[in-house]
Amino acid sequence: MKNGKRMAAALLLLTVLLVTVLVAGDQFQDVPLKQNTGGSYPDAQEDLIVVGFSQLGSESVWRTTHTDSIREALSKENGFFLQYDNARQKQENQIKAVRGFISQRVDYIVLSPLMEDGWETVLTEAKEAGIPVILVDRKISGADSLYTTFIGSDMEAEGRKAGEWLVQYQKKRGKEDEPLNIVMLTGTPGSSSQLGRSRGFYEVAAEHPNWKFIDLASGDFTVIKGREVMGEFLRRHRKIDVVVSQNDEMTFGALEAIQNAGRMTGLPGSMIVISFDGMKEALELVADGRINCVVECNPRQGDVVARVIKRLEAGEPVGKVYYVREQVFTRENARDHLAGYEAKEAE
Ligand code: GYE
């Protein structure tokens, strides 16, 4: 009797599971593959290019802007059917998402990889399944043959720009030979943004023996950690001349810690602050003089992704690397740029 009940329950469970799998599978079964001709799409489910997008998290405004840019560009109106997954800062979640996309037989995988290492196995699986992988934002280590194209920023160039800005800033004030005590808040360890920005900045620093790195710690690209790490730096060191913070969120946290410690930034003789990203709130702080320099990192990569996929669909060749255009923001140009932002918002 007991066994009979158990058996019935098991059968029911099996049926439910089967139906779930079939329904989930259906999502992709009615999407005819590779028939996109670039025209209009009267029936949203037909002729769509199926893309699986694995985003690494939502730690910053940069990141959410990046996600929105890709979602907007890979819309149904533009001919795409997008599967989005947020890995919440866990590489294992990203690997799981990519495997899911492979088993659903998507047409393309767009991957924003948390770190550089650890992708060989899963990307080889994608390659064997014949699914092109487009890397966005961050790069991976290992063979170039694991992906079709990279679209994002040149992180080393960003790091160099930050260093070169500091060189010029000191020169203008006639202080190029004065000793500088530098602290650095770094991003997610092992990510290409952390590695590249560090490398680029160190390259410039190597030519300036008067620049001394007195402390360094990861603030994981978040406000909370930025505040914590900067608080610790301030407790440990009396003389800090320069704060290099590898993204805006950590900079916001660091500025709070600096203020809480009764210290100043932006004024002559106070701490010099260098940030990366250049989202609106940071530009306002540049315009107000609380951040000295922000090296732009452009999150609006969606249109390039869409264009690359359309080219691949048409059988046209694509480049291996597409770098987005980026500049350096200082007090001299931040207001102009903010005006551009406001005009866009008003559209
Ligand atoms: O600077 C930061 C983010 O990889 C360029 O990741 C990206 C970085 C960006 O969360 O804000």
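Both ligands and their constituent atoms are indexed starting at 1 by order of listing. Atom set for the values below is all heavy atoms of this structure, side chains included, hydrogens, waters and symmetry mates excluded.
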Can you label the angle between the His337 ring and the Phe329 ring as parallel, tilted or perpendicular, going by 30° and 60°? tilted
With distance as the sole criterion, is a donor-acceptor pair present between the side chains of Ser218 and Gln194 under 3.5 Å? no
Please list, in number order, the atoms of ligand 1 under 4.0 Å from a heavy atom of Met155. 5 (C)
As an exercise, identify every atom of ligand 1 less than 4.0 angstrom from a heavy atom of Arg63. 3 (C), 4 (O), 6 (O), 7 (C), 8 (C), 10 (O)
What are the atoms of ligand 1, with element, lying closer than 4.0 Å to any heavy atom of Glu59? 3 (C), 6 (O), 10 (O)
Cluster overlap Phe221 with Val243, hydrophobic side-chain contacts below 4.5 Å: yes
Donor-acceptor check, side chain of Thr149 to backbone of Gly319, threshold 3.5 angstrom: yes or no? yes
Taking every non-hydrogen atom, the tightest pair across Leu283 and Ala334: O-CB, 3.8 Å
For Cys297, take its heavy atoms, then give the atoms of ligand 1 lying under 4.0 Å from any of them. 5 (C)
Taking atom types as modelled, find out whether Arg290 and Thr265 have a side-chain donor-acceptor pair closer than 3.5 angstrom. no
Could you list the atoms of ligand 1 found under 4.0 angstrom from a heavy atom of Ser60? 2 (C), 3 (C), 10 (O), 11 (O)
Residue Asn247 vicinity, atoms of ligand 1 by number, heavy atom under 4.0 Å: 1 (O), 2 (C), 11 (O)
Donor-acceptor pair, distance only, cut-off 3.5 Å: does the side chain of Asn181 make one with the backbone of Lys239? yes
Mind checking whether Gln246 has an N or O less than 3.5 Å away from an N or O of ligand 1? no
Side chain of Thr222, backbone of Glu59: donor and acceptor closer than 3.5 Å? no
Measuring from the heavy atoms of His66, does anything fall under 4.0 Å of ligand 1? no
contact_flag Arg197 ligand 1 heavy-atom lt 4.0 Å: yes
What about Arg138: any of its N or O atoms under 3.5 Å from an N or O on ligand 1? yes
Considering only protein heavy atoms, which is closest to atom 5 (C) of ligand 1, and at what distance to one decimal place? Asp137 OD1, 3.3 Å
Per atom 1 (O) of ligand 1, closest listed option by heavy atom (Asp277, Thr251, Val295): Asp277
